[in-house]
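Notes follow once the structure below has been shown.
Chain identifiers are assigned alphabetically (A, B, ...) following the order of the sequence lines, protein sequences preceding nucleic acid strands; residue numbering begins at 1 within each chain.
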Amino acid sequence: MARILITSALPYINGVKHLGNLAGSMLPADVYARAMRLLGHDVLYICATDEHGTPAELAAQAAGMDVADYCDEMHQAQKSAGEDFALSYDYFGRSSARSNHALTQDFAARLEDAGLIEERVSKQVYSNADQRFLPDRYVEGTCPNCDYESARGDQCDNCGKLLDPIDLINPYSAVSGSKDVEIRETRHLFLRQSIMADDLRIWVNSHSADWPPLATSIALKWLDEGLRDRAITRDLKWGIPVLRQGFEGKVFYVWFDAPIAYISATQDWAEKTGGDWESWWRTDKGAGEVQYVQFMGKDNVAFHTLSFPTTIIGTNNAGGDQYKLVDNLKAFNWVTWYGGKFSTSQGRGVFMDQAISIAPSDYWRWHLMANAPEGNDAAFTWEEFQNSVNSDLANVLGNFVNRITKYAVGKFDGVVPDGGQDGEHEAWIAAELSERLPALIAHYEAREFRKAAEQTRAIWAAGNEYLTRSAPWTHYKTDVDQAAVGVRAGLNLVALFGIIAQPLIPDAAAKILNAVGVPEGNRTWSFGDFSGVADLLDALPRGLPISPPELLFTKIEDDQIVKWTEMFGGGEV
RNA sequence: GGUGGGGUAGCUCAGCUGGUUAGAGCGCAGGACUCAUAAUCCUGAGGUCGUGAGUUCAAGUCUCACUCUCACUACCA
């Protein structure tokens, strides 16, 4: 048994997340957590809302709310959306929690002791009308390169050129539209990442074999370009106060405190459950044996492979408490939406709360993982979604469960039949399983979600092939015992299919396992060694009553696709 | 502009350190079966592996050039 710590990138607070966010961090982390628990590992899966920063303040302002109240509300909304999708967090915390204030301030103090903090003065755009400093992208104006009139201060959307807000012609605040903006000097703390670059490179290279190329290549790219020091404070009201003379009214940068919330949320978990957070995070207190796995979209890779590690290594260098670095890191590409990106700010795509209102969570979980954006960006289309659900879930799995349980009710009094001897067909399916089950587990252990889903489906399909081969309905006419063998094996396959389905489609899996009376304690993946896989075909007690579950998966009809396409604008480019 | 992915059957994608007739699912065409949500099972058609060179006994797999596409590019997170 291993101890596995899992975190998924913290969803930002400014709205319910879309399917791209779900597919790229929370959902795969959940599927992995579930699979590892089923394998008997000691798993701790932590997530939280990421609540600080300019967008949170502006979103609250737009909603006419106090930012703390806004975050309370949105935290609840996201927590509830997570529950709707059966995300099995051990704890879903908040980066604004008191624990995170304390820990972030402690980290900053220790980084200073380690000589990694430096004060610098920088120039930034200030809006008098908004009474706030504006991040580059919140300053707009005319592009000096192409004369596009709504160019953002960081980059022009029209010609793609990277800009500095100072270069904009006729700059104005994107928040209020006010042209009363000026350049002001402001003092900030910088994290001296540059002096950690060599250490970071050695560490990243040590993971070149076990991280996805996407992760190492992004990290090395930044290192190759020369890691720059990064400001870790901001001129904002909402956030974690900087305890330093001359920094009154300033807070830590959201990207400094957010990953620290992985740790502080674990502290909050411990507080609530009586668990021991230090054994998960403190390498000087038993966390050395923990395997820590992070899940994130590719946009987050630089922060998780460079900035946060700098924080951890730097803090550790100060002596005293020693914290754990990530061991394995799974990075995802994007789910794309009809030629473009999902966008929270522009409302493009399908959001978690909308998704759950039109189809059960299992449908989304299955489709998003079977088509996970692992090697590449993955296009979401309604047709593909329909196909995944109807073909894989309804036809292959749902129909299998339905056909054999109904047949058992019709011909064998609704119990697992006795009688008969296993023969060549049972040997065939046993051989299939003895090859496929270890492959399935290997895919989960390697966090290859497309392949895990593909193998899961292949095992279900093998069940259908087994029924074709053993054909109990044919034997029933001449040899009831022979038919009993097929029905018995078939019902045991139903149980097995439910057991392996649990990480991906937990709700349907529970219905299936209830239908064939598998007790909670027997739903794990302790298959033993796979030489004994034939026992899986006779695991249910003979004579055990079973009952067909209600329709497991309702097919998605063409007219629903038409309706959803209209509703969500899918099909537009 | 720079950097990094990717371009493999109609569609979505597998193909680790180069090695027998390039694979899967869906879709399509035939057939089988009738227990089942008109489901399932079998068989088949279909690809000059983006383009052009090169290295090698041998390249989808390595090198170079070209082309298309997506992403990242550091004060949005």
Side-chain angles (χ1 to χ4, degrees), chain A residues 9-14 50 52-56 58 122-125 133-139 152-155 160-162 164-165 186 188 193 209 213-214 216-218 220-222 224-235 253-255 258 297-303 306-307 333-334 336 341 344-345 370-371 374-379 381 383-384 387-388 390-396 398-411 448 450-451 453-454 457-458 461 463-469 471-474 476 483 486-487 490 548 551-555:
Chain A
L10 307 187
Y12 196 65
I13 196 69
N14 68 338
D50 175 14
H52 298 135
T54 305
L58 295 178
S122 55
K123 291 180 177 168
Q124 191 153 9
V125 176
F133 282 95
L134 296 173
D136 289 358
R137 68 167 45 199
Y138 287 95
V139 184
R152 292 197 320 257
D154 56 343
Q155 184 167 20
K161 188 175 170 61
L162 296 179
D164 193 306
T186 179
H188 284 299
Q193 300 184 126
L214 184 65
T216 44
S217 66
I218 291 174
L220 291 174
K221 187 203 78 172
W222 283 52
D224 289 345
E225 289 179 357
L227 198 58
R228 289 180 234 158
D229 298 334
R230 184 185 278 271
I232 58 164
T233 56
R234 288 292 183 276
D235 291 290
Y253 176 37
V254 54
W255 257 115
K298 57 186 169 186
D299 55 328
N300 281 339
V301 168
F303 295 101
L306 303 169
S307 302
N333 290 282
W334 304 124
T336 59
K341 284 166 70 171
T344 304
S345 56
N371 299 284
E374 288 179 312
N376 229 324
D377 289 354
T381 66
E383 288 74 16
E384 292 284 337
N387 188 56
S388 293
N390 292 0
S391 175
D392 300 339
L393 296 183
N395 293 348
V396 175
N399 181 55
F400 176 83
V401 173
N402 192 49
R403 66 195 292 209
I404 192 63
T405 50
K406 279 195 174 159
Y407 191 72
V409 168
K411 305 290 190 188
E448 293 275 6
R450 272 179 185 259
K451 289 179 179 172
E454 184 182 21
R457 203 204 81 97
N464 281 310
E465 186 175 348
Y466 165 74
L467 286 186
T468 299
R469 287 169 180 257
W473 45 87
T474 302
Y476 189 81
V487 173
L551 200 65
L552 287 168
F553 306 102
T554 309
K555 287 192 194 181

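Across U8(B) and U48(B), the matching C1' atoms stand 12 Å from one another, rounded to whole Å. A gap of 12 Å separates the C1' atoms of G18(B) and C57(B), to the nearest Å. Comparing the P positions of U55(B) and G60(B) gives an interatomic distance of 16 Å, to the nearest angstrom. Atom name C1', nucleotides G47(B) and U21(B): the rounded distance is 14 Å, in whole Å. Using atom P as the reference point in both C13(B) and A71(B), the two lie 15 Å apart (nearest Å). Across the P atoms, U56(B) and A9(B) are found 30 Å apart, a figure rounded to whole Å. Remark: the separation of the P atoms in G5(B) and U63(B) is 11 Å, to the nearest Å. To the nearest whole angstrom, the two C1' atoms, one in C28(B) and one in U34(B), are 24 Å apart.
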Please list each protein N or O that sits under 3.5 Å from an N or O in nucleotides 4-9 of chain B, with the distance.
from, atom 1, to, atom 2, distance (Å)
G4(B), O2', S217(A), OG, 3.3
G6(B), O2', N376(A), ND2, 3.0

Atom pairs, protein N/O to nucleotides 74-77 of chain B N/O, distance under 3.5 Å:
from, atom 1, to, atom 2, distance (Å)
A74(B), N7, R228(A), NH2, 3.1
A74(B), N6, G226(A), O, 2.8
A74(B), N1, R228(A), N, 3.1
C75(B), OP2, R230(A), NH1, 2.9
C75(B), O4', R234(A), NH2, 3.0
C75(B), O2', D136(A), N, 3.3
C75(B), O2', D136(A), OD1, 3.0
C75(B), O2', D136(A), OD2, 3.2
C75(B), O2, Q124(A), OE1, 3.2
C75(B), O2, Q124(A), NE2, 3.0
C76(B), OP2, R137(A), N, 3.3
C76(B), O4', R137(A), NE, 3.3
A77(B), O3', D50(A), OD2, 2.3
A77(B), N7, W255(A), NE1, 3.3

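Rounded to whole angstrom, the span from the CD atom of E465(A) across to the C1' atom of C35(B) amounts to 17 Å. Atom CG in N464(A) sits roughly 13 Å away from atom P in A39(B) (whole-Å rounding). Rounded to an integer number of Å, the gap from CZ of R450(A) to C1' of G15(B) is 14 Å. Going from atom CD of Q155(A) over to atom P of G1(B) covers 13 Å, rounded to whole Å. Protein atom OH of Y466(A) is 16 Å distant from nucleotide atom C1' of A36(B), rounded to whole Å. The separation between L552(A) atom CG and A39(B) atom P is 16 Å, rounded to whole Å. For W473(A) and A32(B), the CH2 to P distance is 17 Å, given to the nearest whole Å. Between the CZ atom of R403(A) and the P atom of C35(B) there is a distance of 10 Å, given to the nearest Å.
For R469(A), the side-chain hydrogen bond (donor to acceptor under 3.5 Å, both in side chains) partners at least two apart in sequence or on another chain are E465(A). Listed by chain and number, the residues in a ring pair (Phe, Tyr, Trp, His ring centres under 6.0 Å) with F400(A) are F497(A) (sequence neighbours excluded).
Taking the six-membered ring for Trp and thresholds of 30 and 60 degrees, Y476(A) and Y407(A) have ring planes more than 60 degrees apart, a perpendicular arrangement.
Among the protein residues, Y476(A) comes within range of no part of the nucleic acid, since none of its heavy atoms lies under 4.0 Å from any strand. Residue-level contact check: A461(A) touches the backbone only, with heavy atoms under 4.0 Å from sugar-phosphate atoms and none from bases. Here K451(A) lies in heavy-atom contact (under 4.0 Å) with sugar-phosphate atoms only.
Of all heavy-atom pairs spanning L467(A) and W473(A), the tightest one is O-CH2, 3.4 Å. Looking at every heavy atom in both residues, A370(A) comes nearest to A453(A) through CA-CB, 3.7 Å. For R228(A) against Q193(A), the heavy-atom pair with the smallest separation is O-NE2, 2.8 Å. The two residues V125(A) and P165(A) make their nearest non-hydrogen contact at CG2-CB, 4.0 Å. When every heavy atom of I404(A) is checked against every heavy atom of V487(A), the shortest pair comes out as CD1-CA, 4.0 Å.
Of the possible donor and acceptor atoms, one in the side chain of Y12(A) sits under 3.5 Å from a partner among the backbone N and O of A56(A). Put simply, the side chain of S391(A) never gets that close to the backbone of S388(A): no donor and acceptor are under 3.5 Å apart. Of the possible donor and acceptor atoms, none in the side chain of Y253(A) sits under 3.5 Å from a partner among the backbone N and O of G53(A). Within the 3.5 Å criterion, the main-chain N or O of V396(A) finds a donor-acceptor partner in the side chain of N464(A). Side chain of Q124(A) to backbone of T186(A): no donor-acceptor contact under 3.5 angstrom is found.
Contact annotation: N402(A) side-chain N/O to A39(B) OP1/OP2 distance is not under 4.0 Å. Taking only side-chain nitrogens and oxygens, K555(A) never comes nearer than 4.0 Å to OP1 or OP2 of A38(B).
Applying the 5.5 angstrom centroid cut-off and the 30 degree plane-angle cut-off, the aromatic ring of Y407(A) is not stacked upon the base of C35(B).
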Dot-bracket for RNA chain B, 5' to 3', Watson-Crick and G-U pairs with both distances under 3.5 Å, [ ] for crossing pairs, | for partner on another strand, reads (((((((..((((.....[...)))).(((((.......))))).....(((((..]....))))))))))))....
side-chain contact (heavy atoms from CB on, under 4.5 Å) between N402(A) and F553(A), worked out: CA-CA 11 Å; N402(A) 192 49; F553(A) 306 102; over 6 Å; no
Going through the checks in order, is the side-chain contact (heavy atoms from CB on, under 4.5 Å) test met by Q155(A) and D136(A)? CA-CA 9 Å; Q155(A) 184 167 20; D136(A) 289 358; over 6 Å; no
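The nucleotide whose nearest atom lies closest to any side-chain atom of N399(A) is, among A39(B), C41(B), C35(B), A39(B).
Put simply, the residue from N14(A), V254(A), I13(A) that forms a side-chain contact (heavy atoms from CB on, under 4.5 Å) with D50(A) is V254(A).
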In 5'-to-3' order, the base (B), backbone-only (S) or no-contact (-) status of each nucleotide in nucleotides 23-29 of chain B, using a 4.0 angstrom heavy-atom cut-off, is -SSS---
